[in-house]
Number of protein chains: 2
Amino acid sequence: MKLEKAASQLEALGNPTRLQLYRILVRAGDDGLAVGSVQGKLDIPSSTLSHHLKRLVDTGLVTQERQATTLICRANYPGMNALIGYLADECCADAACAPAVGKALA
Amino acid sequence: MKLEKAASQLEALGNPTRLQLYRILVRAGDDGLAVGSVQGKLDIPSSTLSHHLKRLVDTGLVTQERQATTLICRANYPGMNALIGYLADECCADAACAPAVGKALA
DNA sequence: ACTCAATTTCGAAAAATATGGAAATAGTGT
DNA sequence: ACACTATTTCCATATTTTTCGAAATTGAGT
């Protein structure tokens, strides 16, 4: 993963509303959730929600699929895994770096 | 970890300059790096660097320690671990969720 | 074609962020 | 106290982000 892409995904998640939004989609699981249902849970205007959703889709963290008039949104797990992988690799927080981490924690 | 804190850390890392900066500090390891040394590697004005560094320190991703006139900066591994842990827990990307992840990858 | 519901785009204002030059500060040695 | 270096704060500006009402669009059913 390139640094630029990681940064854009981190920035996308670095907004409380979007992080909450992403969390909601994760919890919805493989079935996903319609934009309207998400709106009901977040209670923000549809235009605002649409902008935030677009940001998550553009950065590859969320996918969308039409079902009749509703748009189903799903958390894109591989996308998140790649991001976590990048952080772990770059930032030394995985098992391979456990000694350093342990030391830092001590 | 609270959602708000996670969001602020993600936002802090979600800027290419700051992510690069954080990467440099991670690679510097436990010895850390003086602000001036970081500046040499990034080639940005000191005031700009100082602003970005402050953001990382404020969000708990970097620590600083004075050594004479220089300020040593270090990546705060536990902080990053907590963040990755939050993402993994909230976002279903860890081993416990491997089935879902595998399905998504297929 | 018409209508209804779901969602996005347009347009515009307020707020936050990013950037950096210049001045101020902090810390050490003399 | 002074000089020197390292770093931050002050200040201002350009850019980006956030927000959302209103209008436009999309898709399905009639």
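Order of the sequence lines fixes the chain letters, A, B, ..., with proteins taken first and strands second; residue numbering starts at 1 for each chain. Because the structure is predicted, anything quoted here is derived from the model rather than measured.
Counting all heavy atoms, side chain and backbone alike, B/A12 lies closest to B/R18 at O-NE, 2.6 Å. Between B/T59 and B/S8 the shortest heavy-atom distance is CG2-O, 3.7 Å. For the residue pair B/Q9 and B/G79, the shortest heavy atom distance occurs at OE1-O, 4.2 Å. Considering all non-hydrogen atoms of both residues, A/L21 and A/L49 come closest at CD2-CD1, 3.9 Å.
Distance A/L19 CG to D/dT18 P: 13 Å, rounded to the nearest Å. B/R55 places its CZ atom 11 Å from the P atom of C/dT19, with the value rounded to the nearest Å. Spacing between atom CG of B/D58 and atom C1' of D/dT9 amounts to 14 Å, rounded to whole angstrom units. At whole-Å resolution of the value, CG in B/L21 and P in C/dT19 are 12 Å apart. Rounded to whole angstrom, the span from the CD1 atom of B/I44 across to the C1' atom of C/dG21 amounts to 14 Å.
The side chain of B/H52 places no N or O atom within less than 4.0 Å of a non-bridging phosphate oxygen (OP1 or OP2) of C/dT17. Distances shorter than 4.0 Å separate none of the side-chain N or O atoms of B/R18 from OP1 or OP2 on C/dT17. For C/dT17, neither phosphate oxygen OP1 nor OP2 lies less than 4.0 angstrom from any side-chain nitrogen or oxygen of B/N15.
For the helix from C/dA1-D/dT30 to C/dT30-D/dA1, the rotation axes defined at the first and last 5 base pairs enclose an angle of 30°, given to the nearest 10°.
Two residues are said to be in side-chain contact when any heavy atoms from C-beta on lie closer than 4.5 Å; B/T63 and B/V57 fail this criterion. A heavy-atom distance below 4.5 Å is found between the side chains of A/L56 and A/L13. Using a 4.5 Å cut-off on side-chain heavy atoms (C-beta onward), B/V62 and B/N76 make no contact. Put simply, the side chain of A/L25 does not reach to within 4.5 Å of the side chain of A/R74, judged on heavy atoms.
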> If the sugar-phosphate is the primed atoms plus P, OP1 and OP2 and the base is the rest, what is the B/S/- string for nucleotides 3-14 of chain C, using protein heavy atoms under 4.0 Å?
Replying inline: ---SSBBBB---
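A donor-acceptor pair is defined here as one N or O able to donate and one able to accept, closer than 3.5 Å; no such pair exists between the side chain of A/Q39 and the backbone of A/P45.
Nucleic acid contact for B/Q67: none, since no nucleic acid atom lies under 4.0 Å from a heavy atom of the residue.
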